[in-house]
> 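Right, I'll just put the structure down here and ask away after.
Fair warning: this is a prediction, and the values are worked out from it, not measured in the lab.
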Amino acid sequence: MGTASFKTFVLGLVVGALGGYGLGHWLPLGGGAGAGVQPPAPDGRPASTAAAPPLTPGQSSGALPATHPPLTTAGGPSASPAVKAACQAADTDPGNYLAQMDAAAALYRAGNFAEALDYAQRARHLRPDSVDALLAVGVSQAELEQYDAAAKTLAQAVGRRPDDADLRTELAYVHLRRKDFRAALAEAERAHRLAAQAERTLEIIVQSALELGEKARAKAALDRLAAVNPGNPRLAELARALTAVTPTTKGKPS
């Protein structure tokens with residue numbers, strides 16, 4: 001899988017296949033801002049994963065220093081042959097940006113988000129200007145519930161490619177997960193202006209507006225969603241949530 005396809009890969013995962021970030025996870029509807037408990041961001045990776053720092057330019061083009069954590073975990077003992085092969089290719093050639101991105105994508109697809117983040121960070125180090133590497137880092141951070149870090153990473157990606165509706169939608173979703181509903185709504189509406197038919201963007205607008213108690217705003221987005229796809233599987237759920245919301249003045253449209 002080449003790096004050009006990483007964005008398509010992340011955004012095109014089957015909903016619920018992994019419970020993947022931005023595709024299968026939603027906050028409970030009708031809870032309102034502040035309802036529920038935000039899961040704490042993990043303060044470390046699983047013990048089985050070596051949290052290797054980014055490589056320096058000199059290290060990237062040659063052998064790893066003796067003190068560097070090993071790069072040969074290959075996705076763990078239960079990894080599929082494809083994941084192991086991608087990791088081994090990246091470990092063998094640590095200066096190869098494409099190989100690091102391929103490994104990050106393979107690990108992400110396998111649900112090994114901690115190691116996916118490691119490889120994505122190495123890719124980002126090799127090409128600091130790569131929007132794809134920023135996306136890979138950001139979505140992996142989000143899967144690890146590092147929402148504040150993910151928001152900063154994806155904001156950098158959006159800053160470099162401001163007309164990319166998909167990137168803005170990813171950032172909006174992270175804001176939704178971190179319960180910054182105003183930021184989620186604003187970012188999703190920016191994405192909607194770039195891609196008016198994007199169903200996921202409309203879903204985020206509806207849910208963010210509902211969490212803010214902005215019933216009229218939520219209804220307008222829900223009506224647009226129904227017009228775009230009357231068979232959208234979340235329409236009934238969102239419609240039920242809409243009827244349960246009491247309008248409020250706390251979140252006037254900005």
> State which residues pass salt bridge (Lys or Arg N to Asp or Glu O under 4.0 Å) with R168; sequence neighbours excluded, sorted by chain then number.
E187
> Mind checking side-chain hydrogen bond (donor to acceptor under 3.5 Å, both in side chains) for D180 and listing every partner two or more places apart, or none if nothing turns up?
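Partners of D180 by the side-chain hydrogen bond (donor to acceptor under 3.5 Å, both in side chains) criterion come out as none, since no residue qualifies.
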> Check the pair D148, Q141 against side-chain contact (heavy atoms from CB on, under 4.5 Å), reporting the backbone distance first and the verdict last.
CA-CA 9 Å; D148 289 344; Q141 288 171 327; over 6 Å; no
> Taking side chain to side chain contact (heavy atoms under 4.5 Å, CB included) as the definition, give me every residue that meets it alongside A198, ordered by chain and number, with sequence neighbours left out.
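Partners of A198 by the side chain to side chain contact (heavy atoms under 4.5 Å, CB included) criterion, ordered by chain and then number, come out as A195, T201.
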> Run E170 and R200 through salt bridge (charged side-chain N to carboxylate O under 4.0 Å, His left out) and show every step you take.
CA-CA 10 Å; E170 294 305 311; R200 181 163 167 255; 2.7 Å; yes
> Are the charged groups of D223 and K219 less than 4.0 angstrom apart, N to O?
yes
> Rounded to the nearest 0.5 Å, how far apart are CG of L222 and CD of E203?
10.0 Å
> Of all heavy-atom pairs between L126 and P94, which one has the smallest distance, and what is that distance?
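The pair with the smallest heavy-atom distance is CD1-O, 3.5 Å.
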> Drop me the distance from R122's CZ to L117's CG, to the nearest 0.5 angstrom.
9.5 Å
> Would you check, one step at a time, whether the test salt bridge (charged side-chain N to carboxylate O under 4.0 Å, His left out) holds for R160 with D129?
CA-CA 8 Å; R160 295 178 185 180; D129 60 341; 6.0 Å; no
> Find the distance between CG (N112) and SG (C87) and round it off to the nearest 0.5 Å.
7.5 Å
> Could you pull out the closest heavy-atom pair between V83 and A110, with the gap in Å?
CG2-CB, 4.0 Å
> Just do the side-chain contact (heavy atoms from CB on, under 4.5 Å) check on L185 and E189 with the steps written out, would you?
CA-CA 6 Å; L185 181 59; E189 288 186 333; 3.8 Å; yes
> List the steps and the verdict of side-chain contact (heavy atoms from CB on, under 4.5 Å) for D132 and Y97.
CA-CA 11 Å; D132 284 330; Y97 165 83; 4.0 Å; yes
> Provide the closest heavy-atom pair for A188 versus I205 in the form atom of the first, atom of the second, distance.
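A188 and I205 have their closest heavy atoms at CB-CG1, 3.5 Å.
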> What pair of heavy atoms forms the shortest contact from V139 to Y108, and how long is it?
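In this case the closest contact between V139 and Y108 is CG2-CE1, 3.7 Å.
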> Using only atom types and a distance under 3.5 Å, with no angle test, would you say the side chain of E211 pairs donor to acceptor with the backbone of F181?
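Not a single qualifying donor-acceptor pair exists.
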> Just by modelled atom types, is the R240 backbone N or O under 3.5 Å from a matching donor or acceptor in the T243 side chain?
yes
> Can you name the residues that form a side-chain hydrogen bond (donor to acceptor under 3.5 Å, both in side chains) with E199, not counting sequence neighbours?
N229, N232
> Please check if L134 and F113 belong to a single hydrophobic cluster, counting links between Ile, Leu, Val, Met, Phe, Trp and Tyr side chain heavy atoms closer than 4.5 Å.
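In one cluster with L134: F113, no.
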> When rounded to the nearest 0.5 angstrom, what is the spacing between CZ in R234 and CD in Q207?
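R234 CZ to Q207 CD: 5.5 Å, rounded to 0.5 Å.
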> As a quick check of understanding, evaluate side-chain contact (heavy atoms from CB on, under 4.5 Å) for R124 and T153, giving each step before the final call.
CA-CA 11 Å; R124 182 183 178 186; T153 300; 4.3 Å; yes
> Establish whether L242 and L225 are linked, either directly or via other cluster members, by ILVMFWY side-chain heavy-atom contacts under 4.5 Å.
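Yes, because L242 and L225 connect within a single hydrophobic cluster, where side-chain heavy atoms sit under 4.5 Å apart.
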> Enter the distance from I204:CD1 to H192:NE2 here, rounded to the nearest 0.5 Å.
12.5 Å
> Compare every heavy atom of A196 with every heavy atom of V228, then report the nearest pair and how far apart it is.
CG2-O, 4.3 Å
> Strictly distance-based, threshold 3.5 Å: is any side-chain N or O of E115 a donor or acceptor partner for the main-chain N or O of A104?
no
> Got a second to check how far R161's CZ is from L135's CG, nearest 0.5 Å?
8.5 Å
> Is it possible for you to say whether L194 and L167 belong to one hydrophobic cluster, with membership spreading through side-chain heavy-atom contacts below 4.5 Å?
no
> Taking C-beta and beyond as the side chain, do Y119 and S140 meet within less than 4.5 Å on heavy atoms?
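No, too far: nothing below the 4.5 Å cut-off.
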> For R224, check salt bridge (Lys or Arg N to Asp or Glu O under 4.0 Å) against everything at least two apart and list the hits.
none
